[in-house]
K.L.:
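One structure, as structure tokens, below. Some questions next.
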2 protein chains.
Amino acid sequence: MAKKKAKQRDCDPRPVSLPDDDCAEELAQLAWAVAHPARVRILRLLINRETCVCGEIVAELPLAQSTVSQHLKILKESGMINGEIDGPKVCYCINTEKLHTLKDLVAAL
Amino acid sequence: MAKKKAKQRDCDPRPVSLPDDDCAEELAQLAWAVAHPARVRILRLLINRETCVCGEIVAELPLAQSTVSQHLKILKESGMINGEIDGPKVCYCINTEKLHTLKDLVAAL
DNA sequence: ATCGTTAATCGTCGATCCACGATTAAGGTA
DNA sequence: TACCTTAATCGTGGATCGACGATTAACGAT
């Protein structure tokens, strides 16, 4: 039966215990905002341009205006971006604080 | 009409152009893996323990075995974790390389 | 060979996503 | 006021998610 012991897998013997899973939800929510190519592109655009009118974003993506608006809504609800009404247009900008929260949470993985 | 100019929003005047959106898809895919609290907890567990048998993960989460197995499948498909069969059990471990890819992509935002 | 354990898979259900066109609301302009 | 532009919202349809119980497959042990 020594053979059995020899095949022993190197599974971590430490007892299971979840670390602070409080922020699991927060990270999941922020990651969700980035979990779609269109939203990644929108975020990159806003990061590089500081701010951008909705119409420009629509023009840049191969998506209908309503679809882009939906993604913007998701990003806004996640707190990653802010929208500011400017006459008939809407200026979107990145929420640097939230972006850093995401970066920190991912980096802390 | 000076009033109109005074109210000018500080919208970035630079022309719109998407930066290398090639990795938008890659980031979106990796972020998607982390975009669920259960998967965040699983990842944290594996990161802290190096490796872990499936059953332990199931025991740690308030979810059915089949549900956990689904999440493990998603994580495996994203490349974030690897599973190694050990007799009737399965040992999961983190894919450090992919994890770093995710960290790098997020940090590069 | 049979039984028990472990984990993946199947099938289902409701909820949500994602895309779109159409419509509406809000603000400028003529 | 009437018109035009801009962007949010509505309503729809198809696809996928997330959860579960039940079943199956793989492996050890008796």
Side-chain angles (χ1 to χ4, degrees), chain A residues 1-9 11 16 24-25 28-29 31-42 45-46 51-78 81-93, chain B residues 1-9 11 16 24-25 28-29 31-42 45-46 51-78 81-93:
Chain A
M1 51 168 66
K3 183 170 134 213
K4 179 178 78 181
K5 241 44 191 133
K7 203 173 152 261
Q8 247 270 346
R9 289 297 309 116
C11 285
V16 232
E25 210 125 346
Q29 189 182 352
W32 165 249
V34 198
H36 191 286
R39 294 197 287 272
V40 171
R41 295 177 70 176
I42 293 173
L45 199 55
L46 293 181
T51 180
C52 189
V53 175
C54 173
E56 297 179 299
I57 303 173
V58 172
E60 195 61 25
L61 295 174
L63 296 170
Q65 176 263 324
S66 57
T67 305
V68 173
S69 209
Q70 264 188 163
H71 285 302
L72 288 170
K73 188 179 182 182
I74 291 176
L75 285 171
K76 213 161 46 178
E77 284 173 350
S78 77
I81 68 174
N82 294 322
E84 190 181 337
I85 298 174
D86 170 26
K89 306 185 179 182
V90 175
C91 247
Y92 284 99
C93 64
Chain B
M1 53 166 69
K3 182 170 134 214
K4 180 178 80 182
K5 241 52 191 120
K7 203 172 153 262
Q8 248 270 348
R9 290 296 310 116
C11 286
V16 232
E25 210 125 345
Q29 190 181 351
W32 165 249
V34 197
H36 191 287
R39 294 197 287 271
V40 172
R41 295 178 70 176
I42 294 174
L45 198 56
L46 292 182
T51 181
C52 188
V53 174
C54 173
E56 297 179 298
I57 302 174
V58 172
E60 195 61 27
L61 294 174
L63 295 171
Q65 177 262 324
S66 57
T67 305
V68 173
S69 209
Q70 264 188 164
H71 284 302
L72 288 170
K73 188 180 182 182
I74 290 176
L75 285 171
K76 213 161 45 177
E77 283 173 349
S78 77
I81 68 174
N82 294 322
E84 190 180 338
I85 298 175
D86 171 26
K89 305 185 181 183
V90 175
C91 248
Y92 284 99
C93 63

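Lettering follows sequence order; numbering is per chain, from 1.
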K.L.:
Let me know the distance between CG of A/Leu61 and C1' of C/dC18, rounded to the nearest Å.
P.N.:
14 Å
K.L.:
Does any N or O in the side chain of B/Arg39 come within less than 3.5 Å of the main-chain N or O of B/Ala33, such that one atom is a donor and the other an acceptor?
P.N.:
yes
K.L.:
Find the distance A/Lys73:NZ to D/dC10:P and express it as a whole number of Å.
P.N.:
7 Å
K.L.:
Calculate the interatomic distance between B/Glu77 atom CD and C/dT9 atom P; express it in whole Å.
P.N.:
9 Å
K.L.:
Roughly how far apart are B/Leu75 CG and B/Ile42 CD1, rounded to 0.5 Å?
P.N.:
5.5 Å
K.L.:
Rounded to the nearest Å, what distance is computed from the CG atom of residue A/Leu72 to the P atom of nucleotide C/dC18?
P.N.:
13 Å
K.L.:
Which distance, rounded to the nearest 0.5 Å, do you find between the SG of B/Cys91 and the CD1 of B/Ile81?
P.N.:
11.5 Å
K.L.:
Could you please spell out the steps behind the side-chain contact (heavy atoms from CB on, under 4.5 Å) verdict for B/Asp86 and B/Val53?
P.N.:
CA-CA 9 Å; B/Asp86 171 26; B/Val53 174; 5.7 Å; no
K.L.:
Mind calculating the distance between CD1 (B/Ile57) and P (C/dA7) to the nearest angstrom?
P.N.:
9 Å
K.L.:
In B/S/- notation, 5' to 3', how is nucleotides 15-22 of chain D contacted by protein heavy atoms closer than 4.0 Å?
P.N.:
--SSBBBB
K.L.:
So, taking the atom named CD in B/Gln65 and the one named CD in B/Gln70, what distance separates them when rounded to the nearest 0.5 Å?
P.N.:
10.5 Å
K.L.:
What integer distance in Å separates B/Ile85:CD1 from D/dA25:P?
P.N.:
15 Å
K.L.:
Report the residues that fulfil side-chain contact (heavy atoms from CB on, under 4.5 Å) with A/Ala35, sequence neighbours left out, ordered by chain and then residue number.
P.N.:
A/Trp32, B/Ala31, B/Trp32, B/Ala35
K.L.:
Could you tell me how far apart B/Glu56 (CD) and C/dT6 (P) are, to the nearest whole angstrom?
P.N.:
11 Å
K.L.:
Which of these nucleotides, D/dA8, C/dA8, D/dT6, is closest to any side-chain atom of A/Lys89?
P.N.:
D/dT6
